[in-house]
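One structure is given below, encoded as structure tokens.
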Amino acid sequence: KRPDADRGYPVQSTVLLADYGGPENLSQVQPFLYRLFSDRRIISLPAFVRLPMAFLISRLRSGKSKEIYSKISGSPVNRTVSEMCRILNKKQNEIHFAPGFRYMAPFFHESVKAFSQKGPVLALPTFPHYSFSTYGSLEDALDDVSGTGLAVPYYNNDTFVRLLVRQIDRKSTRLNS
């Protein structure tokens, strides 16, 4: 935390690790699917068509999706991103790291609004690429919140690519040993 002389109290910068999230238990599958398909970036139709369609798809798809999620004991995304935040917060105390999910709690838009009351917020997608439905959905969620930033897609960032190649080389060396 760093002091903010203008306001007289500490300001906490937050990095939200942003992702879609996923249902952690079977009762969350249908609401997750509804929120996913309600997003205009997923189904780009007017709301009066998109929302009933999202309801129908989520109802029809939830049975099969529950079967899949039951095999993996729920989505690992929330646990993985939350664990990343825990490790990053443990290693340093200058910046607060927190998860923010588009379609599961803690919800991205709510986290952005809450943390932006305490200081600057940077949303860092856990996916490096740009796509209309992933990165674009995060852009939409930030439209009405000032004092926040969204990290640019980093799929072609030299440092990211070198780190990724290094990790792949390490893993392939272990597999080939």
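In this text the structure is predicted, and so the values were computed from the model without any measurement.
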Flag yes if [X] and [Y] sit in one hydrophobic cluster, no otherwise; membership is Ile, Leu, Val, Met, Phe, Trp, Tyr, and two members link when side-chain heavy atoms are under 4.5 Å apart.
X	Y	answer
V152	L150	no
L122	I87	no
V81	F160	yes
Y103	L51	no
V77	I68	no

Which pair of non-hydrogen atoms, one from [X] and one from [Y], has the smallest distance, and what is that distance?
X	Y	result
Y154	P125	OH-O, 2.7 Å
F32	G21	CE1-O, 3.5 Å
L45	R50	O-NH1, 2.6 Å
P99	P106	O-CG, 3.7 Å
S116	T148	CB-CG2, 4.1 Å
Y135	A151	OH-O, 2.9 Å

Under a 4.5 Å cut-off applied to non-hydrogen side-chain atoms, are [X] and [Y] in contact?
X	Y	value
L56	F37	no
F101	N78	yes
L33	S65	yes
M104	R35	yes

If you measure from [atom1] on [X] to [atom2] on [Y], what distance do you get to the nearest 0.5 Å?
X	Y	atom1	atom2	result
L26	K66	CG	NZ	6.5 Å
N157	L163	CG	CG	9.0 Å
R61	L36	CZ	CG	11.0 Å
T134	I42	OG1	CD1	8.0 Å
Q167	S172	CD	OG	11.0 Å
S62	E67	OG	CD	10.5 Å

Inset, instruction - Start with the C-alpha gap between Y20 and D39, add the side-chain angles, then the distance that decides, and say whether side chain to side chain contact (heavy atoms under 4.5 Å, CB included) holds. - result: CA-CA 11 Å; Y20 272 9; D39 190 329; 6.0 Å; no
Would you confirm whether [X], through its side chain, and [Y], through its main-chain N or O, come within 3.5 Å as a donor-acceptor pair?
X	Y	result
S111	F107	yes
S58	F55	yes
S82	R79	no
T126	A18	yes
N25	Q28	yes

Inset, instruction - Taking only Lys NZ, Arg NE, NH1 and NH2, and the carboxylate oxygens of Asp or Glu, determine whether E110 and K113 approach each other closer than 4.0 Å. - result: no
Legend entry - Cation over ring face, R41 and F132, 6.0 Å, 45°: yes
Inset, instruction - Walk me through it: do L142 and F108 pass the test side chain to side chain contact (heavy atoms under 4.5 Å, CB included)? - result: CA-CA 9 Å; L142 291 176; F108 178 77; 4.0 Å; yes
Inset, instruction - Over 60° means perpendicular and under 30° means parallel, so classify the ring planes of H96 and F115, tilted if in between. - result: tilted
Inset, instruction - List the steps, then state whether side chain to side chain contact (heavy atoms under 4.5 Å, CB included) holds for V15 with L88. - result: CA-CA 10 Å; V15 172; L88 290 165; over 6 Å; no
Inset, instruction - Evaluate the criterion side chain to side chain contact (heavy atoms under 4.5 Å, CB included) for residue pair Y130 and E139; output intermediate values, then yes/no. - result: CA-CA 11 Å; Y130 176 87; E139 289 176 314; 3.9 Å; yes
Inset, instruction - Return yes when atom OH of Y155 has more than 12 non-hydrogen atoms of other residues, nucleotides or ligands closer than 6.0 Å, and no otherwise. - result: no
